[in-house]
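Everything on this sheet refers to the single structure shown next.
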Amino acid sequence: MFTGIVQTQATVIANSYQHSVMRLVLAVSPQYVTKLALGASIAINGCCLTVVKVQLTSDCALAEVYFDVIDETLKLTNLGKLDAGCMVNFERSMTLGTELGGHIVSGHIHCIAQVNNIIHTDGNCKIQLSLPSKWQKYVLYKGFVCVNGASLTVGEVDEQGFWLHLIPETLAITNIGKVAIGDGLNIEVDQQTYTIINTVENYLRLQSSQ
C-alpha cells in the first residue's frame, strides 16, 4: 500500500525486453533505498512493482534499482513508453507510523488518461485529462484520484474527464510538471469511491430484476 505522496523522481537508465517482460532499471539517490530488500514494493508512476535487484554505482553516488514488468502491466500503464533519461515518480510502500498525507493507494492502475490541455498561470498549473468512459463515474469533484502515483484532488469534472489544479510543490516533486499535450498518465481511481459505486449499482440491479 502507498500514500500517493511521491518521495522523489528516479531516472530510467535502461529498459530491455526478454520475451514479453521488460527489465526496467532506475537510478535514484541512495537515501531512498535504505534497508530496501529484494521483493519490496515500490510505486513507479503509481504502479506497484517488485524490486528484483538493487546495487550502488561504483562511486556510490547513485543506487540502481531493477524491476521486471510483465506484459499485462505494460498494456495497462505508461511504463512501456519509458526511454532512457525519462523521469518517473518514486514512492516506497507504507510502513507502520507513516504519515498519511495523501490517501490509501494500492498501486494497481485502472487506466491511462490523456493530457488534453495545459494552462499555466502565475504559480499555478491546470491540466485537463480525458478518461476512458467506463472510468468517468469514479472521478468526482473534490474527490481523490492518483495520477502517475501522486495523490491529487479533482478540481473540475467535465464530459471528457477532469481537471487538476496543481501547486508549484507538486510540479517540482513529481514528473507531472513535465507532461505535454497527448501524453498518457497512469490513473488509479479512489478505491472507496470505486467500491461504493459498484456496490450501489449492483444493489439497484438486483432490486430491478426482482
Side-chain angles (χ1 to χ4, degrees), residues 1-6 19-22 39-50 67-81 88-89 91 93-96 98-118 126-166 170 174 176 179 181-210:
M1 304 297 288
F2 306 92
T3 67
I5 301 300
V6 175
H19 304 297
S20 57
V21 177
M22 181 178 78
S41 296
I42 299 179
I44 303 300
N45 276 359
C47 180
C48 179
L49 298 180
T50 300
F67 306 91
D68 288 333
V69 188
I70 61 174
D71 57 349
E72 183 67 13
T73 302
L74 295 172
K75 290 176 186 175
L76 292 175
T77 73
N78 58 18
L79 299 184
K81 298 185 181 300
V88 295
N89 293 335
E91 183 194 351
S93 59
M94 292 175 59
T95 59
L96 290 176
T98 298
E99 181 177 350
L100 186 59
H103 70 286
I104 297 296
V105 176
S106 70
H108 299 160
I109 304 302
H110 291 113
C111 65
I112 293 178
Q114 185 178 56
V115 178
N116 283 349
N117 196 3
I118 302 173
K126 291 177 60 177
I127 297 179
Q128 182 190 40
L129 298 172
S130 63
L131 282 170
S133 58
K134 68 175 288 186
W135 296 105
Q136 178 75 28
K137 63 185 175 183
Y138 302 112
V139 178
L140 307 177
Y141 172 64
K142 296 303 180 184
F144 287 122
V145 64
C146 189
V147 181
N148 260 17
S151 172
L152 299 172
T153 302
V154 177
E156 303 168 42
V157 175
D158 57 29
E159 293 181 357
Q160 291 182 306
F162 62 99
W163 286 81
L164 298 172
H165 298 180
L166 303 174
T170 302
T174 75
I176 299 175
V179 302
I181 292 175
D183 285 351
L185 304 183
N186 292 335
I187 299 295
E188 179 184 332
V189 300
D190 178 49
Q191 294 292 336
Q192 288 188 335
T193 303
Y194 178 86
T195 301
I196 291 169
I197 289 177
N198 284 350
T199 300
V200 171
E201 287 185 344
N202 289 336
Y203 174 79
L204 293 176
R205 192 178 302 113
L206 287 172
Q207 290 296 106
S208 64
S209 65
Q210 293 177 356

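What you see below is based on every heavy atom in this structure, not just the backbone, and it leaves out hydrogens, waters and symmetry mates. This chain uses plain numbering: 1 for the first residue, then up along the sequence.
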Next on the checklist: If you apply the rule side-chain contact (heavy atoms from CB on, under 4.5 Å), what do you find for V147 with L129, and how did you get there?
Outcome noted: CA-CA 10 Å; V147 181; L129 298 172; 4.3 Å; yes
Item to check | Heavy-atom closest contact (V139 atom, V189 atom, distance) | outcome: CG2-CG1, 4.3 Å
Checklist entry - Would you say the side chain of L152 lies within less than 4.5 Å of the side chain of C146, judging by non-hydrogen atoms? => result no
Item to check | Gap separating the CD atom of E188 from the OG atom of S151, nearest 0.5 angstrom | outcome: 10.0 Å
Item to check | Least distance between heavy atoms, D158 atom then Q128 atom | outcome: OD2-NE2, 2.9 Å
Checklist entry - What pair of heavy atoms forms the shortest contact from D190 to H103, and how long is it? => result OD1-CD2, 3.6 Å
Item to check | Shortest non-hydrogen contact from C111 toward L131 | outcome: SG-CD2, 3.7 Å
Checklist entry - Looking only at heavy atoms, which two atoms of V6 and G149 are closest? And how far apart? => result CG2-O, 3.7 Å
Checklist entry - Hey, are the side chains of I118 and I181 touching, using non-hydrogen atoms and a 4.5 Å cut-off? => result yes
Checklist entry - Does the pair V145 and L164 meet the rule for a side-chain contact (heavy atoms from CB on, under 4.5 Å), with working shown? => result CA-CA 10 Å; V145 64; L164 298 172; 4.3 Å; yes
Checklist outcome for this item: Value for CE (M1) from SG (C48), rounded to nearest 0.5 Å, stands at 10.0 Å
Checklist entry - Within a strict 4.5 Å, meaning less than it, do heavy atoms of the T3 and V105 side chains meet? => result no
Item to check | Check: T153 and K142 side chains under 4.5 Å, non-hydrogen atoms | outcome: yes
Item to check | Minimum heavy-atom distance T50-G39, with the two atoms named | outcome: CG2-CA, 3.6 Å
Checklist entry - Can you tell me if N89 and N148 form a side-chain donor-acceptor pair at under 3.5 Å? => result no
Checklist entry - Does the ring center of H110 lie less than 6.0 Å from the ring center of Y194? => result yes
Item to check | Flag, side chain of Q136 to backbone of G161, donor-acceptor distance under 3.5 Å | outcome: yes
Checklist entry - Got a second to check how far L206's CG is from L204's CG, nearest 0.5 Å? => result 9.0 Å
Next on the checklist: So, taking the atom named CH2 in W163 and the one named CG in N117, what distance separates them when rounded to the nearest 0.5 Å?
Outcome noted: 4.0 Å
Checklist entry - Do L166 and I176 have side-chain heavy atoms sitting under 4.5 Å apart? => result yes
Checklist entry - So do the side chains of F162 and S130 get within less than 4.5 Å of each other, counting heavy atoms only? => result no
Checklist entry - Is there a side-chain contact (heavy atoms from CB on, under 4.5 Å) between W135 and I187 once you walk through the steps? => result CA-CA 10 Å; W135 296 105; I187 299 295; over 6 Å; no
Donor-acceptor contacts under 3.5 Å from residues 67-75 side chains, at least two apart:
{"residue": "D68", "atom": "OD1", "partner": "R23", "partner atom": "NE", "Å": "2.5"}
{"residue": "D68", "atom": "OD1", "partner": "R23", "partner atom": "NH2", "Å": "3.3"}
{"residue": "D68", "atom": "OD2", "partner": "R23", "partner atom": "NH2", "Å": "3.4"}

Checklist entry - With sequence neighbours excluded, what pairs up with K81 under the salt bridge (charged side-chain N to carboxylate O under 4.0 Å, His left out) test? => result none
Item to check | Between CZ on residue R205 and CG on residue N198, distance to nearest 0.5 Å | outcome: 8.5 Å
Checklist outcome for this item: d(I104 CD1, Q191 CD) to nearest 0.5 Å is 10.5 Å
Checklist entry - What's the verdict on side-chain contact (heavy atoms from CB on, under 4.5 Å) for S106 and F2, showing C-alpha distance, side-chain angles and the deciding distance? => result CA-CA 6 Å; S106 70; F2 306 92; over 6 Å; no
Checklist entry - Okay, side chain of N78, backbone of G184: is any donor-acceptor separation there less than 3.5 Å? => result yes
Item to check | Heavy atoms from other residues, nucleotides or ligands near CD of E201 exceed 12 (cutoff 6.0 Å) | outcome: yes
Item to check | Flag side-chain contact, heavy atom, 4.5 Å: V115 against I127 | outcome: yes
Checklist entry - Would the number of heavy atoms belonging to other residues, nucleotides or ligands and lying under 6.0 Å from CD of E159 be above 12? => result no
